[in-house]
Amino acid sequence: MNSTNAKGGGAARKGAPSLDMTNIPRHIAIIMDGNGRWAKKRGLPRTAGHAAGAETFRKIAKYCKRLGVEYLTVYAFSTENWKRPAEEVGAIMKLLEDYLNEAIVKMRKEGIRIKILGDIQGLSPKIRELIRKTEELSQGMEGCQANLCINYGGRDEIVRAINALSEKIKNGETVTEEMVSDNLYTKGIPDPELIIRPSGELRLSNFLLWQCAYSEFYFDDVLWPDFSEENMERAIIAYQNRERRFGGI
Ligand code: IPE
Ligand code: IPE
Ligand code: MG
């Protein structure tokens, strides 16, 4: 087995198992949770937690790129997160805007292409325009694809697929799993092998409900702003030690 510590990433720990670079998941998904609690612990406003969480995303995306992960999908704002105070929602949207502006300049150099998954009609015209620009610049780009789930809900995604297929159903066509997959935001993207949730919560909160059918789950107590390359490395090593049976024996 070709085992090595990922260069430039998580520090090698003496005696600790190391990453098998021949078995890196193609697609890793993360529920970026715990920003608010991180800020509260420090006596800071929740918005400071979101800013710190955005920094962590930048760091982890670069690490995934170095490891050769093809798709990194992160849950940044759910269809239910609109329930939060307008000030907090506004701050999250501003961080998204800043990130997209930055991505437009840096994306090609960093080799991380951006795609947004979710109902972008619910976002401001300014952000929609930035998304359009970012995705246009991403066309034909190699490297790691970062899927940012914004105004994303797994149920909403499935309901949209059903509606998109309704005409075909009316015409007597039989719906297949492939047809459903092709009508999700993740069309063309393989299902995530590994889903990570930091912050100690043990639930999916409406994330990738269809795509997670055979994903491996990894939960970590660390709050997202404190999530490090080492935490990521541990999650991948845990994944590499699982036996995936897909219903077989
Ligand atoms: C995750 O952190 C970010 C979003 C959901 C937008 P939270 O804001 O949910 O942080 P906690 O869970 O309250 O600590
Ligand atoms: C899930 O976190 C959504 C994101 C991380 C964007 P939440 O904090 O919204 O989830 P719940 O409310 O704890 O289930
Ligand atoms: Mg939360």
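Counting convention: from 1, in listed order, for ligands and their atoms alike.
Listed for the Asn183 side chain is no donor-acceptor partner under 3.5 Å among the backbone atoms of Val180. A distance-only check finds a donor-acceptor pair linking the side chain of Lys59 to the backbone of Phe227 [under 3.5 Å].
Using a 4.0 Å cut-off between a side-chain N of Lys or Arg and a carboxylate O of Asp or Glu, Arg244 and Glu216 qualify as a salt bridge. Glu193 has no carboxylate O lying under 4.0 Å from a charged side-chain N of Arg26, or vice versa, which leaves the two without a salt bridge. Using a 4.0 Å cut-off between charged side-chain N and carboxylate O, Glu55 and Arg58 make a salt bridge. Using a cut-off of 4.0 Å between Lys/Arg side-chain N and Asp/Glu carboxylate O, Glu129 and Arg132 are scored as salt-bridged. In summary, Glu201 and Arg37 engage in a salt bridge, as defined by a charged side-chain N under 4.0 Å from a carboxylate O.
The shortest contact between atom 1 (C) of ligand 1 and any protein heavy atom is with Met32 O, 3.0 Å. Looking only at protein heavy atoms, the nearest one to atom 13 (O) of ligand 2 is Arg203 NH2, 2.8 Å. Protein heavy atom nearest atom 9 (O) of ligand 2, with residue, atom name and distance: Asn81 ND2, 2.9 Å. Protein heavy atom nearest atom 11 (P) of ligand 2, with residue, atom name and distance: Ser205 OG, 3.6 Å. For atom 10 (O) of ligand 1, the closest non-hydrogen atom on the protein side is Gly36 N, 2.9 Å. Closest to atom 6 (C) of ligand 1 among all protein heavy atoms lies Ala76 O, 3.3 Å. At the shortest separation from atom 2 (O) of ligand 2 among protein heavy atoms lies Arg197 NH2, 3.6 Å.
Close approach of ligand 1 to Ile92 is summarised as follows: ligand atoms under 4.0 Å from at least one heavy atom of the residue are 6 (C). Taking a cut-off of under 4.0 Å to the non-hydrogen atoms of Arg37, the atoms of ligand 1 that pass are 11 (P), 12 (O), 14 (O).
For Arg46, the heavy-atom gap to ligand 1 drops under 4.0 angstrom. Using a 4.0 Å heavy-atom cutoff, Arg84 is listed among the residues neighbouring ligand 1. Under a 4.0 angstrom heavy-atom cut-off, Ser199 registers as lying outside contact with ligand 1.
Linking Ile, Leu, Val, Met, Phe, Trp and Tyr whenever their side-chain heavy atoms come within less than 4.5 Å leaves Phe219 and Trp38 in two separate clusters.
Counted by atom type alone, Asp191 and Trp210 present zero donor-acceptor pairs between their side chains at under 3.5 Å. Side-chain contact of Gln145 with Asn147: a donor-acceptor pair under 3.5 Å is present, judged by distance alone. Of the N and O atoms on the side chains of Arg197 and Ser205, at least one donor lies less than 3.5 Å from an acceptor on the other residue.
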Atom pairs and distances, donor-acceptor, side-chain atoms in residues 153-164, under 3.5 Å, two or more places apart:
residue : atom : partner : partner atom : Å
Asp156  : OD1  : Arg160  : NE           : 3.4
Asp156  : OD2  : Arg160  : NE           : 2.9
Glu157  : OE1  : Tyr152  : OH           : 2.6
Glu157  : OE1  : Gln211  : NE2          : 3.2
Glu157  : OE2  : Tyr185  : N            : 3.0
Glu157  : OE2  : Gln211  : NE2          : 3.2
Arg160  : NE   : Tyr185  : OH           : 3.1
Arg160  : NH2  : Asp119  : OD2          : 3.1
Asn163  : ND2  : Val159  : O            : 3.3

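At a heavy-atom distance under 4.0 Å, only backbone atoms of Phe77 (N, CA, C or O) approach ligand 2. Only side-chain heavy atoms of His50 come within less than 4.0 Å of ligand 1; its backbone N, CA, C and O stay farther off.
The N/O atoms of Trp38, backbone and side chain alike, include none that comes under 3.5 Å of an N/O atom in ligand 1.
With ring centers used as reference points, Phe77 lies under 6.0 Å from Trp82.
Annotation: protein N, O or S atoms under 2.8 Å of the Mg ion (ligand 3) (waters excluded) comprise Asp33 OD1.
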